[in-house]
There are 2 protein chains.
Amino acid sequence: MIYLDYNATTPLDPTVFEAMTPYLREQYGNASSRHGFGTAARAAVNRAREQVAAAVNAQPAQVVFTSGGTEANNLFIKGAAAYLKPSQIVISPVEHPCVARPAHELSRTGWKVRVLEVDGAGRIDEADVTRALKEPTGLVSTMLANNETGVVQNVAAIAEQARAQRAWIHTDAVQALGKMAVDFTDLNVHAMTISAHKIYGPKGAAALILDKRIELKAIISGGGHERGLRSGTENVPAIVGFGAACELAIDRLTPLGVRLVALRERLERRLRGLEATIFGLGAERIPNTSYFAFPGIDGETLVVELDRAGFAVASGSACSSTSTEPSPTLLAMGVDPALARCAVRVSLGRSNNANQVDDFLRALEAIVKQMKRMSSLAV
Amino acid sequence: MIYLDYNATTPLDPTVFEAMTPYLREQYGNASSRHGFGTAARAAVNRAREQVAAAVNAQPAQVVFTSGGTEANNLFIKGAAAYLKPSQIVISPVEHPCVARPAHELSRTGWKVRVLEVDGAGRIDEADVTRALKEPTGLVSTMLANNETGVVQNVAAIAEQARAQRAWIHTDAVQALGKMAVDFTDLNVHAMTISAHKIYGPKGAAALILDKRIELKAIISGGGHERGLRSGTENVPAIVGFGAACELAIDRLTPLGVRLVALRERLERRLRGLEATIFGLGAERIPNTSYFAFPGIDGETLVVELDRAGFAVASGSACSSTSTEPSPTLLAMGVDPALARCAVRVSLGRSNNANQVDDFLRALEAIVKQMKRMSSLAV
C-alpha cells in the first residue's frame, strides 16, 4: 500500500517514537506528582512546551496543550465566547467542521455568525472581511492552510483588519505546520491551533498557542492543569512526541517542501493531460496537497478503486468522510455540486517518491478509463 | 525508586504496550479514512470498544471514548445540563475536582448545587440523599471509589433514589475500575466514567459509558466522531491500549485484590503501631489504598523526605497537588484541618511486594522519628 493521505494523518516518525518510548515505559509518572516520577514527567512536558513554542516563534507560556486540534479549536471559540458579550463571529466558508460547528453553536447564546466569501480558488475575499467587520465583531477565525485544497490564506492581513476593530483573531494552522513557515508573532493572531499527528507526531497531543492577554473559560475544568485552561492528567508521552515532532518539522521544512512541490508538479502535469480539474490552482498552496476531479467519475468510488489498487487517498476531509454530501469547501468556491462529488485529494508526505507518483498515475489512468467505459455502457 | 502512587497513575503494562505498538508504527491510519489504513484503524477502535464495554458489563454502543477521565466527567455534567431545564445538581463533598468544578460552574446557568453529607469514614449519608432529592433534581453525580481514601460508595442505592425522582445519575468510577467489580448494569447509573491510565493502560484514553436514552450536548464538536458526542481524530493507539488494559484488569482483578489487601494490612498494622491516624477505616475501601497521617508531621514534607529515601507516595490527589490547601475530602469527613495537612497516601499496585512494604515502613519510621525530633527541638 502506498500512502498518499498525509493530510488525514501521518505516520509517527521513528525518531519521535524513540523520544516517546521512555515515557511509555519506565518514566510513567503523573506530571502533577511531587515525587521523582512526577518531576521527571513535568520536566519532559516543560521541554516539549519549549520545543512547540520554538517551532512557531511563540513563548512557552503561550502553549496550552490539548488532546487534539478539534479540542483546541473548540477551546478558543467556546472559551472566548464565554468571556465576551455576544456579538458577531466571523469565519470563512472553508473552515474545518471543528471551527464551523462551534461557531454556529454560538448562535444559541446570542451570537451572529458571518461567513466570508471566497474566490474560485478558495481565497478569502479581503474586501468582504472589511464589510463583515463593519458589524461589531468579537471573534474572527480563519484557517491558515485548507485541509482539502491546501490553499493558504493571508491570515496576517485578516488579523490586521480584525485587530483594528478590536476583535480577537484565531487561526487553525493544523494543516500548515510542517508544510510552510508558521510564525505566531508574524501572523499577528491572538490564538492559533496546531496538532502533532499532522506533523509525524502522535495522535492525542495538540496545542492552542494563546496570547496571554486573552481570557478564556476552560471547556474542560477540574484539577487546574495548563493554567486552568485545560484540566486533566497530561498525556506525557504524546506531549513529548509533539515536542520532538515540532523540532523535526522545522529541521525538514525546506528540503521537504522543495521535494513535495516537485512531486506534486509531476502529479498535476499528468492530471492536466488527463483533463482533470484541479482545485485551488492559482492560489498559494502548501506544497503537498493536490485536490482534483474527473468530471463524471464519482470521487468516493475512485477512492475505493484506488484503495483496491494499493493507493490510499481521500475523497474529502477524513474528518467528515462518513458524509456523502459534496465538500462545503468546494461549494463555497463555486464548484458545481456534481463536479464536487468527483473530488479526490492526494496529500503527499515524507516517504513518497517519484516512482510512487508514477505508479499512482498509471493506476489512476487505468481506473478512470475503466470507469468512463462503464458509465458510457450504463447510458 | 519504589512506586507507591498507583492512584495517581500506573505504569503501562508491557502487554498493553505491545498491543499499542503496531498502532504507533505501521498501522497509523486515521480511523475516519476510507482506505485500508483507515479501516484497519476503525476495526481496532471497534475491538477496543468491545473490550471496554465487556469489562464493565455494558454494550459497545454505550462507550463514548474521550481523552481522559476529566473530559468524560465534564462531558456528562456540562453535556447533560445543556439539555435539561436548570434545577438542582447533587454531588458529594468527596468528588474529584473534575466533577466538583463543572458542577459549581453550572450555577452560572441557573443550577443549584447541593453537596451531600458524608460520615467520618467518608461514606455518603443516604438519608441526606433522600433529603436532597426532595428538591427538583436534574443531575446526581457521586463517585464509586475515592481517589484519596479509597472509600467505596453505595452508588446503586443512590442511583435507585435518583431514578425514583427522575434525576440522571452519573458515577466517576475512575479509581474503582481494576480494583473492584464495576458493573454498569448493576450500578444502575445513566452514565459512568472510567480511564485507561489508572488501570495500567496509556494516558490519553478514557470513556463515558452512557445510557443511550440520555441526551448530551457535546463539549467538543466538529467532525461528528463518537456519535457526535466527541469530535476529533480518534487516538487509536491509546484506545487500543485502553481495550487491552480493560481485558487485563478483569483477568487480574481477584488475585491482585487478594494480594493488595494483604499488603495493605501489613502496612496498616505497623502504621497503627506507630500511632498513625488512618482515614476511611470502617468503610469499605478498594484494596490498594491507605491514607494516613502522623499528627504534627506535615504531609508535604513527609512526601518529599520519602521521595529522597526512594519511595514515591502522595500527599493528596495528584491532580491538585500544586495546591497546599488541606484535602477537601478530609475536611468533609470532619478531620481537623491541622491533621488533614499531615495526610499521606500510599496506593499499591501490581509490582509491589511485602519486601517493598517493609522497606517503606522502615524508611517511614526513621523519617517520622527524625521529623518529630526536629519539631521538638524547634519548640
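As a basis for the values below, the full set of heavy atoms in this structure was taken, side chains included, without hydrogen atoms, waters or symmetry mates. Protein chains get the first letters and strands the later ones, always in sequence-line order, with residue 1 at the start of each.
- Of the atoms belonging to B/V313, it is backbone heavy atoms, and not side-chain ones, that fall under 4.5 Å from chain A.
- Your options are B/R25, B/Q27, B/R308, and the one with the most heavy-atom pairs under 4.5 Å with chain A is B/R25.
- Of the two parts of B/E26, neither the backbone nor the side chain holds a non-hydrogen atom closer than 4.5 Å to a non-hydrogen atom of chain A.
- The nearest pair of heavy atoms linking B/K203 to A/P237 is CD-CD, 4.3 Å.
- Proximity to chain A (any heavy atom under 4.5 Å) is restricted, for B/R108, to the side chain, taken from C-beta onward.
- Atom CD of B/E71 sits about 10.0 Å away from atom OG1 of A/T66, to the nearest 0.5 Å.
- Of all heavy-atom pairs spanning B/A8 and A/N30, the tightest one is O-ND2, 3.1 Å.
- Per-residue counts of heavy-atom pairs under 4.5 Å with chain A were compared for B/P11, B/A206, B/S195; the largest is that of B/P11.
- Separation of atoms OG (B/S67) and CG (A/N235) is listed at 8.0 Å; rounding is to 0.5 Å.
- Interface summary for chain B: among A/G29, A/G69, A/G68, the most heavy-atom pairs under 4.5 angstrom belong to A/G29.
- Only the backbone of B/T10 comes within contact range of chain A, judged by heavy atoms closer than 4.5 Å.
- Expressed to the nearest 0.5 Å, how far OG of B/S315 lies from CZ of A/R34 amounts to 5.5 Å.
- For B/Y3, the parts lying under 4.5 angstrom from a heavy atom of chain A are both the backbone and the side chain.
- B/G223 approaches A/R101 most closely through the heavy-atom pair C-NH1, 4.3 Å.
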query = Step by step, would you call B/L24 with A/L24 a side-chain contact (heavy atoms from CB on, under 4.5 Å)?
reply = CA-CA 11 Å; B/L24 289 165; A/L24 288 166; 3.9 Å; yes
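- In this structure, chain A has no heavy atom under 4.5 Å from any part of B/A238.
- Taken to the nearest 0.5 Å, the NE2 atom of A/H104 stands 11.0 Å off from the OG atom of B/S221.
- In this structure, chain A has a heavy atom under 4.5 Å from the backbone of B/A218, while its side chain stays farther away.
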Can I get a per-line list of side-chain donor-acceptor pairs under 3.5 Å for residues 12-21 of chain B, giving both atom names and the distance, sequence neighbours left out?
from  : atom 1 : to     : atom 2 : distance (Å)
B/D13 : OD1    : B/T15  : N      : 2.9
B/D13 : OD1    : B/T15  : OG1    : 3.0
B/D13 : OD2    : B/R252 : NH1    : 2.9
B/D13 : OD2    : B/R350 : NH1    : 2.5
B/T21 : OG1    : B/F17  : O      : 2.6

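- At a 4.5 Å heavy-atom cutoff, B/P202 makes no contact with chain A through either its backbone or its side chain.
- The line from OH of B/Y28 to OH of A/Y6 is 5.0 Å long, rounded to the nearest 0.5 Å.
- Ranking A/I77, A/T9, A/N73, A/N74 against chain B, the residue ahead of the rest is A/N74, based on heavy-atom pairs under 4.5 Å.
- Contact between A/M1 and B/G36 at its shortest, heavy atoms only, is CE-N, 4.3 Å.
- Atom-to-atom distance recorded for B/H35:NE2 and A/L306:CG is 11.0 Å, nearest 0.5 angstrom.
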